[in-house]
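Notes follow once the structure below has been shown.
Numbered from 1 within each chain, the chains take letters A, B, ... in sequence-line order.
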2 protein chains.
Amino acid sequence: MRFILLNPKLNINDKIFLKDPETSALGKKILQQSILLIDEIGFEAYTFKKLGERIESNESSVYRYFENKHKLLLYLSSWYWSWVEYRLVFGVANLTTPQDRLKIAITIVTEDAAEADISEHIDVRLLKRIIINNFMKTFLTKEVDEEIRSGFFQIYTRVIQRVTDIILENAPKYPYAESLASTIVEGALHQHFLKDHLQSITSCNSCTSPTDFYLSLIDNVLKQNV
Amino acid sequence: MRFILLNPKLNINDKIFLKDPETSALGKKILQQSILLIDEIGFEAYTFKKLGERIESNESSVYRYFENKHKLLLYLSSWYWSWVEYRLVFGVANLTTPQDRLKIAITIVTEDAAEADISEHIDVRLLKRIIINNFMKTFLTKEVDEEIRSGFFQIYTRVIQRVTDIILENAPKYPYAESLASTIVEGALHQHFLKDHLQSITSCNSCTSPTDFYLSLIDNVLKQNV
DNA sequence: TGCAAAATGATAGTAATACTATTAAGTTTG
DNA sequence: CAAACTTAATAGTATTACTATCATTTTGCA
């Protein structure tokens, strides 16, 4: 809610969409119902035709907003990382010690979506689940280099860079700050996934969260790299 | 080569295939040429029809070995993790100190495929690239719980558990051994991917490898958790 | 208010995908 | 050498991932 109010410009790369879905009622419905539908049936089974039926509109209308469902997923991903970035920037803004800033930063990029985080048409809790289950698929394609060049992953990389910078504030000589940041951000999604599906290879459960694990990890690294 | 000789039974869950591809010339051709074709055009564009043409056989013949391309990818993944497990088991077998065992284990699960690792019909170097680009897709489906129950990810989870055990040998009281192991194994694939496509968010490049990063990481963790 | 432009909805059509079924030909092996 | 099995070839179906066209509705601004 606050997020939307303070971010009228979401800053999503405009090559991702044909027509900005935030500018019309139908567009918002497409976003909202896509999230519900992808969460229900999975991204593979999700089609624009099924979405069209669900929103009592038409396949062809959806195609006027997004070229294909991959672009729509890129849009949702950008929205999600934009939301993380917002919370990251404001979360650390008033903190003075590097240690506090790092602790909050790691918490924000690894924690569960809180229940209250529901903006008008985007259910962030469901969106986070979609990101956990699908974000890697936006990367793992033959077209990834082209799409990186087009700036489709800019917001995501900016989030990683912000975390990297905060790590370096704490340990200026640590030589693997970028890899540690990307490992934590991507790894947290993976740990959430394992917690839901493959408990035997994660230490995370109802008592221990990915955030606990990564806070401990970063603490161990920093103590060795002051 | 040695791997194939010492592993006549690859131990791949037999619900993954309809007919074991290792038992016929056509089956081996399917594996070999699938690896080449997926590497060339990507898993999304890869179809059994294209494969059929390429091996001068027929779509319908391929379907007698695998229900669909997802199962084939599961097969290739199992083959890969089986190969990692083999190297892991033999790599640490004669090492007496926990420290050495851990160092070698982390190296094996994070390093590049060496050029020499080419068995008869499987080019392990290409296979590794396919795993980097596609392994997460085998997980990220609506059917994952069912497939885990069917044992399709058994070899992978066994690899993670072996790494977990070796971590615990070194730090018996460390509370996040499973998560650390899964973060390293999955994260190493991701770091290899970033090194190839998104250098700005990884510290890995031609001088620094994912192995360097994770060896340093595990060293930091252990020094804090003796 | 009224008309032009824009947005949406409905239908149809195409090429490719992901299969299944059938049958014929070739190969193996007991 | 015949039965059993494997493979090859063809055809066919339902679904997907679009594109094109046109009619209808909504809007925005003169």
Among residues 40-55 of chain B, which contact DNA chain C at a heavy-atom distance under 4.0 Å? B:Thr47, B:Lys50

Short side-chain donor-acceptor distance under 3.5 Å, A:Tyr156 and A:Ser77: no

Sugar-phosphate only, base, or nothing, as touched by A:Tyr65 at under 4.0 Å among non-hydrogen atoms: sugar-phosphate

Indicate, with a heavy-atom threshold strictly under 4.0 Å, whether B:Glu59 touches base, sugar-phosphate, or nothing. base

Rounding to a whole Å, what distance do you find between A:Leu73:CG and D:dA17:P? 13 Å

Taking 4.0 angstrom as the limit, do B:Glu44 and B:Lys137 come out as a salt bridge? yes

With B:Gln33, the side chain to side chain donor-acceptor pair (under 3.5 Å) member among B:Lys28, B:Lys50, B:Arg54, B:His121: B:Arg54

Could you give the NZ-to-C1' distance, from B:Lys29 to D:dT7, as a whole number of Å? 12 Å

Between D:dA17, D:dT10, D:dT7, which nucleotide gets closest to the side-chain atoms of A:Tyr63? D:dA17

Separation of atom CD in B:Glu56 from atom P in D:dA8, rounded to whole Å: 10 Å

Using a distance-only test with no angle check, is there a side-chain donor-acceptor pair under 3.5 angstrom linking B:Tyr214 and A:Thr183? yes

Without decimals, in angstroms, what is the distance between A:Ile30 CD1 and C:dT8 C1'? 10 Å

Between CG of B:Asn58 and C1' of C:dC19 the distance, given in whole Å, is 13 Å

Any side-chain heavy atom of B:Val124 within less than 4.5 Å of one from B:Trp79? yes

Between D:dC18 (C1') and A:Arg64 (CZ): distance, integer Å: 13 Å

Side-chain N or O of A:Ser57 less than 4.0 angstrom from OP1 or OP2 on C:dG9? yes

Can you confirm whether or not the ring centre of A:Trp81 sits under 6.0 Å from the ring centre of A:Phe135? yes

Atom CG of A:Leu18 and atom C1' of C:dT8 are separated, to the nearest Å, by 15 Å

The residue, A:Asn68 or B:Ser24, whose nearest nucleotide of DNA chain D is more 5′ is B:Ser24

Ionic contact status for A:Arg87 with A:Glu111, cut-off 4.0 Å: yes

Separation of atom NZ in A:Lys69 from atom P in D:dT15, rounded to whole Å: 15 Å

When we call it a touch if two heavy atoms are under 4.0 Å apart, what does B:Ser61 touch: a base, just sugar-phosphate, or nothing? base

